[in-house]
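One structure coming up, written as structure tokens, with questions to follow.
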Number of protein chains: 2
Amino acid sequence: MSVAIKISVNVGLYLKEPQNSTLGKKILKNSIILIDKNGFEAFTFKKLAEEIHSTEASIYRYFQNKHILLLYLFNWYWEWVNYLIIFNTKNITAPSVKLKIILHSFLHAQKENPSTEFINESALHNIVISEGGKAYHTKMVDDENSKGFFSSYISLVNYVSKIIKEINPTFKYPNALASNLFEMSNNQVYFARHIPSLNEVSKKGEDVSEVEKILNYFTEILLEKRLK
Amino acid sequence: MSVAIKISVNVGLYLKEPQNSTLGKKILKNSIILIDKNGFEAFTFKKLAEEIHSTEASIYRYFQNKHILLLYLFNWYWEWVNYLIIFNTKNITAPSVKLKIILHSFLHAQKENPSTEFINESALHNIVISEGGKAYHTKMVDDENSKGFFSSYISLVNYVSKIIKEINPTFKYPNALASNLFEMSNNQVYFARHIPSLNEVSKKGEDVSEVEKILNYFTEILLEKRLK
DNA sequence: ATTTATTGATAGTAATACTATCTTTTTTTT
DNA sequence: AAAAAAAAGATAGTATTACTATCAATAAAT
């Protein structure tokens, strides 16, 4: 027996909910594997179809195109992080402790007990890190934002922003700080792995924990109480 | 009469130096216009060829592919910012003033007197903002990094890192802060323009100055002298 | 005036990003 | 268990992309 959590994603992001069928789950599972392995640019529905012994046409019945599929995966990830954060900060009252837990949860999201058999959270996290802002760095941003395709990310940022305000109500830019914490996390991990002269993270394999230290160092200084 | 500065870019980034011919300059000029207008995904050598009344084959004699062309443009931009920063901080001694000038130069790089007729710095800056980390978020990063394709960016970060150390020698992560300042600048401007709930920038059109304020606020707090 | 380098014109290929249609299989309803 | 409906598979086809190759025309350099 187990307690299953089901993450749901903006209905505009799929033509047919992939989590409700065997083929759909296979699409999710193997798209994550393939994108993680070869990168988003090299990923095609044809290759995915071959991988899962299905056809392009069948995949197109679930997702309009690979960009929408990527958005689906990002949304799933953001929702999953949202859940993790809420869960892990439950019953914690001190906002500064909450923030620390959030940063930890976010950076180690992959190590948390995977909840869903067809999603490899670790690979998905790596995609989020490696594919950077490809979810929203397109010409369709404005349209997609108006459809709510980034609302999971926005709500994540808002949640953190609220905690920042609790820690230090005089801090002027809680939203900017919150969004930067998420962006910076991924970026600095990516730099550590690929362009290491851009930061001070040395230990390979422990890059995530090192970045966590950096983020804690930054936030502690930034949010120390004092009138500005 | 005028003083021309010529920016040179890693030789691995082109097959034939575009700055040395009429066609080459047209390629640079119009690729910037097209990428800025339609986004990098929609940009193709065919469309560019049509735009400049040339042929695909001719463009391929300059650049191996559009990704390398993008890298060329990013490098040109980073070199240009490098130049601007050195120029604008000349004779300034106080490192904290230097850093302020750097942030200002970087964010307003587009408004500085354009130095080169065939490069629209403003459009190029917009590309750097909009196309985010597409220069290095690919499966070829490691290879490209080893070829020095990001060295202009790295040297920019190192320069700022040195100044950060001068301001506060006890600050633990000057490289991470420096790289984050650049990334955060672009990111926050992008958010202001497209997903405004992710930060506190309201005024459309003045987004760049608003982001400058945020960055100054962050760095001032982070680098205040005090033992940690 | 001749050689050399550069560009243009054209053609062709494999892969990508789809759309359409029809058949077979699986699932649901009765 | 039969009939209806939904999902998936098989196949074909199109326009575009991302190139490579070849040859002719033009411009620049010696």
Side-chain angles (χ1 to χ4, degrees), chain A residues 11-31 34-35 37-73 118 131 134-135 137-140 143-144, chain B residues 11-31 34-35 37-73 118 131 134-135 137-140 143-144:
Chain A
V11 292
L13 287 171
Y14 51 82
L15 301 170
K16 194 184 296 183
E17 166 62 85
Q19 293 182 91
N20 290 343
S21 74
T22 316
L23 180 61
K25 287 176 194 168
K26 266 174 149 184
I27 291 173
L28 294 179
K29 180 174 184 173
N30 291 277
S31 62
L34 284 181
I35 295 173
K37 197 163 89 186
N38 309 316
F40 184 63
E41 274 67 43
F43 171 78
T44 69
F45 279 4
K46 183 127 187 261
K47 288 176 193 164
L48 175 58
E50 276 159 26
E51 191 75 15
I52 62 179
H53 306 291
S54 178
T55 61
E56 263 185 290
S58 299
I59 297 171
Y60 275 106
R61 288 186 186 112
Y62 284 87
F63 296 102
Q64 283 157 70
N65 54 55
K66 70 172 184 169
H67 171 245
I68 296 287
L69 169 55
L70 187 72
L71 266 183
Y72 184 101
L73 295 176
F118 54 92
E131 303 303 335
K134 283 173 199 169
H137 279 104
T138 72
K139 274 286 156 180
M140 300 93 82
D143 180 49
E144 292 180 347
Chain B
V11 294
L13 288 170
Y14 51 83
L15 301 170
K16 195 183 295 185
E17 165 64 84
Q19 292 182 89
N20 290 342
S21 73
T22 316
L23 180 62
K25 287 174 193 168
K26 267 174 150 182
I27 291 173
L28 294 179
K29 181 174 183 173
N30 291 278
S31 63
L34 283 181
I35 296 173
K37 197 162 88 185
N38 310 316
F40 183 63
E41 273 67 44
F43 171 77
T44 70
F45 279 2
K46 184 128 188 260
K47 288 176 194 163
L48 174 58
E50 275 160 26
E51 191 76 15
I52 62 179
H53 306 291
S54 178
T55 62
E56 262 185 290
S58 298
I59 297 170
Y60 274 107
R61 289 186 185 111
Y62 283 87
F63 297 101
Q64 284 159 69
N65 54 55
K66 70 171 185 168
H67 171 246
I68 296 288
L69 169 55
L70 187 72
L71 266 184
Y72 183 100
L73 295 176
F118 55 91
E131 303 303 335
K134 283 174 199 168
H137 279 103
T138 73
K139 273 285 155 182
M140 303 91 83
D143 180 49
E144 293 180 345

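Values in this document were obtained by computation on a predicted structure and should not be read as measured data. Just so it is clear: chains get the letters A, B, ... in the order the sequence lines come, proteins before strands, and each one is counted from 1.
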Rounded interatomic separation in angstrom, taking CG from Leu48(A) and P from dG9(D):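 It works out to 12 Å between those atoms.
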Contacts of Tyr60(B) that satisfy ring-ring contact (aromatic ring centres under 6.0 Å, His included) - sequence neighbours left out: Phe45(B)
Non-hydrogen atoms of Lys16(B) and Arg61(B) that approach each other most closely: CB-O, 3.6 Å
Which residues share a side-chain contact (heavy atoms from CB on, under 4.5 Å) with Ala57(A), sequence neighbours left out: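 Partners of Ala57(A) under the side-chain contact (heavy atoms from CB on, under 4.5 Å) test: Thr55(A).
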Contacts of Tyr14(A) that satisfy side chain to side chain donor-acceptor pair (under 3.5 Å) - sequence neighbours left out: none
Touch class at under 4.0 angstrom, heavy-atom based, for Tyr62(A) against every strand present: sugar-phosphate
d(NE2, His53(A); C1', dA7(D)) in whole Å: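 For the pair His53(A) NE2 and dA7(D) C1', the rounded distance is 19 Å.
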Base-contact (B) and sugar-phosphate-only (S) positions in nucleotides 15-30 of chain D, heavy-atom cut-off under 4.0 Å, - elsewhere: --SBBBBB--------
For Lys134(A), all residues meeting salt bridge (Lys or Arg N to Asp or Glu O under 4.0 Å), sequence neighbours excluded: Glu41(A), Glu131(A)
Separation of atom CD in Glu50(A) from atom C1' in dA17(C), rounded to whole Å: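 The distance from CD of Glu50(A) to C1' of dA17(C) comes to 15 Å, rounded to the nearest Å.
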Nucleic acid contacts of residues 17-29 of chain B, taken as heavy-atom distances under 4.0 Å to DNA chain C: Ser21(B), Leu23(B)
Watson-Crick or G-U stems of DNA chain C, 3 or more pairs, under 3.5 Å, by first number: C:2-30 with D:1-29
Atom pair distance, as rounded to whole Å: OH in Tyr14(A) and P in dA7(D):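 The distance from OH of Tyr14(A) to P of dA7(D) comes to 13 Å, rounded to the nearest Å.
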Under-4.0 Å side-chain N/O to phosphate OP1/OP2 contact, Thr55(B) with dA9(C):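 So the side chain of Thr55(B) is outside the cut-off, no N or O lying under 4.0 Å from OP1 or OP2 of dA9(C).
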Ile59(B) CD1 - dA9(C) P separation (whole Å): 13 Å
Exercise: do Tyr72(B) and Ser31(B) side chains pair donor with acceptor under 3.5 Å: no
Residue pairs passing the salt bridge (Lys or Arg N to Asp or Glu O under 4.0 Å) test where at least one lies in residues 18-29 of chain B, sequence neighbours excluded: none
For Gln64(A), side-chain contact (heavy atoms from CB on, under 4.5 Å) partners two or more places apart: Leu15(A), Ile68(A)
Residues forming a salt bridge (Lys or Arg N to Asp or Glu O under 4.0 Å) with Glu56(A), sequence neighbours excluded: none
side-chain contact (heavy atoms from CB on, under 4.5 Å) against Lys139(A), all qualifying residues, sequence neighbours excluded: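 Lys139(A) satisfies side-chain contact (heavy atoms from CB on, under 4.5 Å) with no other residue.
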Results of side-chain contact (heavy atoms from CB on, under 4.5 Å) for Ala135(A) - residues two or more places apart only: Leu71(A), Phe74(A), Trp78(A)
Below 4.0 Å: OP1/OP2 of dG8(C) and any side-chain N or O of Ser54(B): yes
Integer-rounded Å distance: dT16(C) P and Phe40(A) CZ: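 Roughly 13 Å, once rounded to whole Å.
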